Amino acid sequence: LARQLTPGPYGDYVLSVARLEQNKRVDLAVRSVAYWPEPLRLVVVGEGSQRRLVERAAEEAGVGTRVSFLGAVSDDALPALYREALAVIYVPYDEDYGLVTLEAFLAAKPVVTATDSGGTLEFVDDGVTGTVTPPEPEALGAAVAGLHASRARAASLGDAGRARAASITWDGVIDRLVSHG
């Protein structure tokens, strides 16, 4: 599936995995594509009540041809999509946990997220495992453009993310939850 999406070299797309609902702000990720270098594209995985609005955001931003909406994909197909991506963009508003972040890290991909994304920020350290920006298309676009310009930096952030994910244990999660009351 990933090979069908990437006619060019490895990493010619950034992946978004989220329900297409208002709090996930996939429309924000879509609008940021206008600030990415071509031929970099966005691949959106997910379904939801906001799909038509997110598709309209792509058209309004003039990036409709650079955004692929895959809908729901199988659990077997998802790892390849993560593996072949340059990075993952995940900008929910005030997320509780952010499983997508850990999935990206397990695939050694950096995560681009927003300063108000909540629990995602427990994992994404700006400049260490990904990039944290204001929740604005221009800022997100600049972050993605930076990863595109330096594949070595993107790989380094992804490797740090993988190490971070490997260090997470259920005992550690429970201790952290209990300590936060």
Side-chain angles (χ1 to χ4, degrees), residues 1-2 5-6 9-21 23-33 35-37 40-48 54 58 63 66-75 77-93 95-133 135 137 139-166 168:
L1 182 58
L5 293 170
T6 55
Y10 159 83
D12 275 354
Y13 68 88
V14 173
L15 183 63
S16 169
V17 179
R19 288 185 325 277
L20 302 184
E21 300 299 339
N23 67 316
K24 298 298 185 178
R25 296 192 306 195
V26 177
D27 60 316
L28 177 59
V30 165
R31 286 187 184 93
S32 77
V33 175
Y35 302 93
W36 299 3
L40 196 58
R41 297 176 303 120
L42 177 65
V43 173
V44 177
V45 171
E47 285 290 345
V54 176
V63 297
R66 294 177 56 204
V67 180
S68 299
F69 291 92
L70 302 187
V73 300
S74 72
D75 290 342
L78 195 54
L81 290 168
Y82 276 111
R83 184 175 53 251
E84 297 297 323
L86 169 67
V88 172
I89 187 166
Y90 187 61
V91 292
Y93 176 74
E95 181 77 7
D96 289 337
Y97 186 70
L99 183 60
V100 168
T101 303
L102 295 179
E103 290 176 344
F105 286 174
L106 289 172
K109 298 303 169 187
V111 174
V112 175
T113 194
T115 54
D116 62 355
S117 288
T120 302
L121 301 172
E122 294 286 325
F123 304 109
V124 181
D125 293 323
D126 188 41
V128 178
T129 59
T131 304
V132 180
T133 77
L140 292 163
V144 170
L147 295 173
H148 183 262
S150 178
R151 301 295 174 114
R153 180 172 177 264
S156 175
L157 295 172
D159 289 343
R162 178 180 273 168
R164 176 77 190 265
I168 297 170

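Here the structure is a predicted model, which means the values were calculated and not measured.
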Shortest non-hydrogen contact from Gly141 to Trp36? CA-CD1, 3.5 Å

Could you tell me if the side chain of Tyr35 sits less than 4.5 Å from the side chain of Val63, heavy atoms only? no

Interatomic distance, Leu40 atom CG to Arg66 atom CZ [nearest 0.5 angstrom]: 6.5 Å

Quick one, Val17 with Leu81, criterion side chain to side chain contact (heavy atoms under 4.5 Å, CB included). Give me CA distance, side-chain angles, the key distance, then yes/no. CA-CA 10 Å; Val17 179; Leu81 290 168; over 6 Å; no

Mind checking whether Ser16 and Lys24 have side chains closer than 4.5 Å, heavy atoms only? no

d(Thr113 OG1, Glu95 CD) to nearest 0.5 Å is 9.0 Å

Non-hydrogen side-chain atoms of Leu121 and Val132 separated by less than 4.5 Å: yes

Test item: Leu106 and Tyr82 side chains (from C-beta on) under 4.5 Å apart, heavy atoms: no

From CG (Leu15) to CZ (Arg41), nearest 0.5 Å: 11.5 Å

Contact summary for Ala114 and Val91, nearest pair of heavy atoms: N-CG1, 4.0 Å

For Phe123, give me all partners under ring-ring contact (aromatic ring centres under 6.0 Å, His included), at least two apart in sequence or on another chain. Tyr97

Hey, does Val14 have a side-chain heavy atom less than 4.5 Å from the side chain of Leu147? no

Are any of the side-chain heavy atoms of Leu28 and Pro137 separated by less than 4.5 Å? yes

Does Leu42 reach the side chain of Val144, with side-chain heavy atoms less than 4.5 Å apart? no

Side-chain heavy atoms of Val124 within contact of Arg164, under 4.5 Å: no

Measure the CZ-CD1 distance between Arg25 and Ile89 for me, rounded to the nearest 0.5 Å. 10.5 Å

Taking every non-hydrogen atom, the tightest pair across Gly130 and Pro110: CA-CB, 4.3 Å

Once you round to the nearest 0.5 Å, how far does CG of Asp125 lie from OG1 of Thr131? 11.0 Å

Please list all pairs meeting ring-ring contact (aromatic ring centres under 6.0 Å, His included) that have one or both residues in residues 142-162, counting only residues at least two apart or in different chains. none

Please list, chain by chain and in numerical order, all residues satisfying salt bridge (Lys or Arg N to Asp or Glu O under 4.0 Å) with Asp159, sequence neighbours excluded. none

Separation between OH of Tyr93 and CG of Asp116, rounded to the nearest 0.5 Å: 6.0 Å

